[in-house]
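First the proteins, then the strands, lettered A, B, ... as listed; each starts at 1. Just so it is clear, the values below take in all heavy atoms, side chains as well, and ignore hydrogens, waters and symmetry mates.
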2 protein chains.
Amino acid sequence: MAKRGDALELAVLGLLHEAPMHGYELRKRVTALLGWGRVLSYGSLYPCLKQMLRDGLITEDTAHLQPAAPAARGGRRGKIVYKLTVGGKERFARLVSAAGPSAWEDDSFGVRFAFFGATSRETRLRVLEGRRSRLEERLEGVRSSLARSRERVDTYTLELQRHGLESAEREVRWLTELIDTERVAPPQTGGTDVTATTSSDGTPSAANNWE
Amino acid sequence: MAKRGDALELAVLGLLHEAPMHGYELRKRVTALLGWGRVLSYGSLYPCLKQMLRDGLITEDTAHLQPAAPAARGGRRGKIVYKLTVGGKERFARLVSAAGPSAWEDDSFGVRFAFFGATSRETRLRVLEGRRSRLEERLEGVRSSLARSRERVDTYTLELQRHGLESAEREVRWLTELIDTERVAPPQTGGTDVTATTSSDGTPSAANNWE
DNA sequence: GTTAGCATGTAAGGAGTTACATGATTTT
DNA sequence: AAAATCATGTAACTCCTTACATGCTAAC
């Protein structure tokens, strides 16, 4: 069901969860959030918003000065403010509390981390630990391939791999610090934790959050 | 002309420049080279090889045990060894000596760096410096947006941006070290420098390497 | 009154992935 | 002789970008 690319949708849901916004602003915020590198293109954002509208996750708010004739020519112009629906909020809560493998892939980890404020500490720990294992697996692979091919490869190739290795090791240390902090932190249950809802069948959630 | 995705093609050209290989091996080597993260898929590699074959950059070598009937069913099976043609070598030399902006984008910098052994020191310096400026521009953008929105954003979002910032700063320092090393290094002109060829019209190259 | 920046959108296509389908060779 | 791994390939699809096209609003 609704097997979309997730990362962008999650970013939009998360940002609109904080406050309604129009597309232009959204682009800037998404770019700043994960962009961190190239900017998100409108050709990517607007179709995504339209799809989310069709899926009933957001509503368009065209509360704006249309002077007299709204111009039949080519359709509307003027700001459109997007706002989360109840369904959108639910979807955000579900996505953000998923603690399965897809949460720590390269593509999604960044967004997931950015919205950690909306999750339970349990979820945060699971995602951080999953991410760390993922990186450690890779690290092991690179280290062994580096050991195998020693002496056989070019200086620059070697230097590139060494640098990559160090970056990953650094990220592992970062994750370890975060994990320790989470574990030590006071048991502040609440905050903006959206996962504390119960599912509609009456049973408490916190099960099936494996996405 | 021939405006392909470059990165993969360059990687293939570079690896085949060292030695002929078949696709399976090529995949592993490309993955190790830049992969460093997810593996390259065959669905990506083989079509690229076919295209390069059509472009006359490589040749297929089917020097292998076809027992009796080569099996009209569905076409060939058995190893195919790929080898660079003269045209392929020329193309590699041209791509690898390009020192323009496209050489230091995220997508291509890794491959470019891996094949630095096949370039002149001048090219290496230009690419390293270009890459560094690129990162510094970004850094400036992130830093100022971080300063602007201070106090207004969530802890986790902030932490993510801080970590990204530090990674980029670290890469800048790495590049600076490499640049210094290149500048200090003895004027060893030769090596495997493929850029030292003259173009077919007789004029020495080293011009128009802005790709 | 025109430039610059805000704002929304679409069409074409690039660069890759996943899932599938097949067969050859080596190891157990 | 079965299983694992080597080896080649295609079709469909995903996610995103580029380039284009349009118009509104504020500042100079």
Side-chain angles (χ1 to χ4, degrees), chain A residues 2-12 21-31 34-35 37-53 60-82 102 105-108 111, chain B residues 2-12 21-31 34-35 37-53 60-82 102 105-108 111:
Chain A
K3 207 81 202 99
R4 299 181 40 64
D6 270 355
L8 180 53
E9 182 179 293
L10 178 55
V12 169
M21 240 174 281
H22 53 261
Y24 193 86
E25 174 94 21
L26 217 32
R27 181 177 87 140
K28 280 192 298 188
R29 303 272 257 116
V30 172
T31 296
L34 12 111
R38 41 176 42 78
V39 297
L40 175 71
S41 70
Y42 294 123
S44 205
L45 177 61
Y46 285 115
C48 176
L49 286 170
K50 292 301 167 194
Q51 183 58 51
M52 289 172 72
L53 186 69
E60 291 186 344
D61 211 342
T62 329
H64 271 278
L65 23 141
Q66 273 122 322
R73 311 259 301 93
R76 73 155 79 60
R77 287 293 159 179
K79 290 194 191 185
I80 299 174
V81 176
Y82 296 95
S102 72
E105 292 302 315
D106 289 328
D107 289 343
S108 28
V111 216
Chain B
K3 211 76 200 99
R4 297 183 41 63
D6 270 354
L8 179 53
E9 183 179 293
L10 179 54
V12 169
M21 240 174 281
H22 52 261
Y24 193 86
E25 174 94 20
L26 218 31
R27 180 177 87 139
K28 281 192 299 188
R29 304 271 259 116
V30 172
T31 296
L34 11 112
R38 41 178 37 81
V39 297
L40 175 72
S41 71
Y42 293 124
S44 205
L45 176 61
Y46 285 115
C48 176
L49 286 170
K50 293 300 167 195
Q51 184 56 51
M52 289 173 72
L53 186 69
E60 291 185 344
D61 212 342
T62 330
H64 271 278
L65 21 142
Q66 274 121 322
R73 312 260 300 93
R76 74 154 78 58
R77 285 296 158 175
K79 290 193 191 186
I80 299 174
V81 176
Y82 296 95
S102 72
E105 291 303 315
D106 290 328
D107 290 343
S108 27
V111 216

Enquirer: From the options D/dT10, C/dA7, D/dT18, select the nucleotide whose nearest atom is closest to the side chain of A/Y46.
Expert: C/dA7
Enquirer: Choosing from D/dT18, D/dA7, C/dG16, which nucleotide comes nearest the side chain of B/S44?
Expert: C/dG16
Enquirer: Test B/T31 against every option in B/K28, B/R27, B/R29 by the side-chain contact (heavy atoms from CB on, under 4.5 Å) rule and name the one that passes.
Expert: B/R27
Enquirer: Identify, with sequence neighbours excluded, every residue that meets side chain to side chain contact (heavy atoms under 4.5 Å, CB included) alongside B/S41.
Expert: B/S44
Enquirer: For the side chain of A/S41, starting at C-beta, report the closest nucleotide among C/dA7, C/dG9, D/dT18.
Expert: D/dT18
Enquirer: Do B/L49 and B/I80 come close enough that some side-chain heavy atom pair is under 4.5 Å?
Expert: no
Enquirer: Rounded to whole Å, please give me the gap between OH in A/Y24 and P in D/dC24.
Expert: 17 Å
Enquirer: Calculate, to the nearest 0.5 Å, the distance between atoms CD and CD belonging to A/E9 and A/Q51 respectively.
Expert: 8.5 Å
Enquirer: Nearest-Å distance, CD (B/E25) to P (C/dA24)?
Expert: 21 Å
Enquirer: Return the value, rounded to whole Å, for the distance between atom CG of B/L45 and atom P of D/dG9.
Expert: 10 Å
Enquirer: Among D/dA7, C/dG9, D/dT17, which is the nearest nucleotide to the side chain of A/Y42?
Expert: C/dG9
Enquirer: In whole Å, I'd like the distance from the CE atom of B/M21 to the C1' atom of D/dC6.
Expert: 16 Å
Enquirer: To the nearest Å, how far apart are A/Y82 OH and C/dT8 P?
Expert: 6 Å
Enquirer: Using whole Å, report how far CD of B/E9 lies from C1' of C/dG16.
Expert: 15 Å
Enquirer: Looking at the side chain of B/L8, which of C/dG16, C/dA7, D/dA7 is the nearest nucleotide?
Expert: C/dG16
Enquirer: Tell me what B/G43 touches on the nucleic acid: a base, only sugar-phosphate, or nothing, going by heavy atoms under 4.0 Å.
Expert: base
Enquirer: Please report, rounded to the nearest Å, how far the C1' atom of C/dG9 is from the CD atom of A/Q51.
Expert: 16 Å
Enquirer: From the set D/dT18, D/dA7, D/dG9, return the single nucleotide nearest to any side-chain atom of B/K79.
Expert: D/dA7
Enquirer: May I have the distance from B/K50 (atom NZ) to C/dA15 (atom P), rounded to whole angstrom?
Expert: 20 Å
Enquirer: Does the side chain of B/D6 reach to within under 4.5 Å of the side chain of B/D107, using non-hydrogen atoms?
Expert: no
Enquirer: Please tell me which of the listed nucleotides, D/dT8, C/dA7, D/dG9, lies nearest to the side chain of B/H22?
Expert: D/dT8
